[in-house]
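Working notes, beginning with the structure itself.
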Amino acid sequence: MCSTSKRLPGCGRDISAAPPPAIGSPQGLGTTLITDYTLSTRAWLPSVATVDLLGEFGVSNGAARATISRLARRGVLKGRREGRHSAYRLTDAAAANPSNGGRVIAAFGAGTDSWDSWWTLVAFSMPQEKSTQRRAVREHLRWRSYAPLYDGVWVPPRQLTTQEQRLILCGYDG
């Protein structure tokens, strides 16, 4: 997607931590709850406590365990074992993500720039064998308030910042 000749300054930044999954999914709920309970202290949350916590929201034990496993595979959680007991907490990259999201939410509508009557469209195409990357790009755009117009065509509710341009042009090489 982004050749070396097209790289912008700072383009090599690692953004491997995917944005949170869709709200309402067990993974989205798990991410929200684990973040709420552990972000400020970076504490380890026993997996049994996470399963019980998700159960309070109607997630079955099996689905809760699958959620923990998927979040760990995606790089959202890191785990540790002590005998038969396991515990999880957010990875460093995932712990940084809620702060970034909070800044975006807090800044919404605070801009003094009026719309310049120009639309910015983000279009991308990826082969079928890169479906995981394609899904990550869509989640990333959705998390940043982009709206899908058609499969690989998205529009943001504002002008793109230089950082967003870098992420779009270079953030999903591979």
Side-chain angles (χ1 to χ4, degrees), residues 10-111 122 130-148 154 156-158 160-168 170-174:
C11 208
R13 193 169 81 107
D14 178 22
I15 58 165
S16 58
I23 306 273
S25 71
Q27 288 184 50
L29 178 61
T31 302
T32 299
L33 293 172
I34 292 168
T35 300
D36 189 43
Y37 278 89
T38 67
L39 183 63
S40 62
T41 61
R42 303 287 289 130
W44 293 92
L45 190 61
S47 60
V48 68
T50 305
V51 170
D52 288 346
L53 189 58
L54 287 168
E56 293 291 323
F57 291 88
V59 178
S60 71
N61 287 352
R65 285 188 204 93
T67 295
I68 294 168
S69 175
R70 289 177 184 143
L71 289 172
R73 275 196 315 266
R74 286 182 53 229
V76 175
L77 298 178
K78 63 180 169 183
R80 75 173 185 197
R81 292 190 65 84
E82 291 180 14
R84 294 181 51 193
H85 303 284
S86 59
Y88 293 86
R89 72 175 180 188
L90 295 172
T91 61
D92 293 338
N97 200 20
S99 299
N100 294 335
R103 280 191 288 277
V104 170
I105 291 168
F108 181 77
V122 175
K130 292 194 175 193
S131 63
T132 302
Q133 277 184 300
R134 186 172 51 246
R135 195 169 27 258
V137 170
R138 287 182 185 142
E139 288 178 8
H140 178 80
L141 292 172
R142 206 172 282 118
W143 178 244
R144 298 205 182 295
S145 304
Y146 288 67
W154 295 68
R158 66 200 171 290
L160 295 178
T161 65
T162 303
Q163 181 183 14
E164 288 174 316
Q165 290 173 12
R166 287 183 190 130
L167 290 173
I168 290 167
C170 305
Y172 294 97
D173 263 350

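Heavy-atom basis, side chains included; hydrogens, waters and symmetry copies ignored. In this text, all values refer to a predicted model and were calculated from it rather than measured experimentally. In this chain, numbering begins with 1 at the start of the sequence shown.
Separation of atoms CD1 (Ile68) and OH (Tyr88) is listed at 6.5 Å; rounding is to 0.5 Å. With rounding to the nearest 0.5 Å, the separation of CG in Leu45 from OG1 in Thr38 is 6.5 Å. Separating the OG atom in Ser131 from the CZ atom in Arg138 is a distance of 9.5 Å, to the nearest 0.5 Å. Residue Arg81 holds its CZ atom at 8.0 Å from OG of Ser47, rounded to the nearest 0.5 Å. In this structure, NZ in Lys78 is found 5.5 Å from CH2 in Trp44, a value given to the nearest 0.5 Å.
Residue pairs meeting the salt bridge (Lys or Arg N to Asp or Glu O under 4.0 Å) criterion with at least one partner in residues 32-55, sequence neighbours excluded, are Arg42-Asp92.
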| Going through the checks in order, is the side chain to side chain contact (heavy atoms under 4.5 Å, CB included) test met by Leu77 and Thr91? | CA-CA 5 Å; Leu77 298 178; Thr91 61; 5.6 Å; no
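Looking at heavy atoms from C-beta onward, Tyr37 lies in side-chain contact with Leu53 at the 4.5 angstrom threshold. Contact annotation: the side chain of Leu33 approaches that of Phe57 to within less than 4.5 Å [non-hydrogen atoms, C-beta and beyond]. Considering only heavy atoms from C-beta on, Arg89 stays 4.5 Å or farther from Ile34 through its side chain. Side-chain contact check for Val122 versus Tyr146: some heavy-atom pair is nearer than 4.5 Å.
In this structure, Thr67 contributes its side chain and Ala63 its backbone to a donor-acceptor pair below 3.5 Å.
Between Val76 and Ala94 the shortest heavy-atom distance is O-CB, 3.4 Å.
Heavy-atom contacts from other residues, nucleotides or ligands closer than 6.0 Å to CZ of Arg70 number 12 or fewer.
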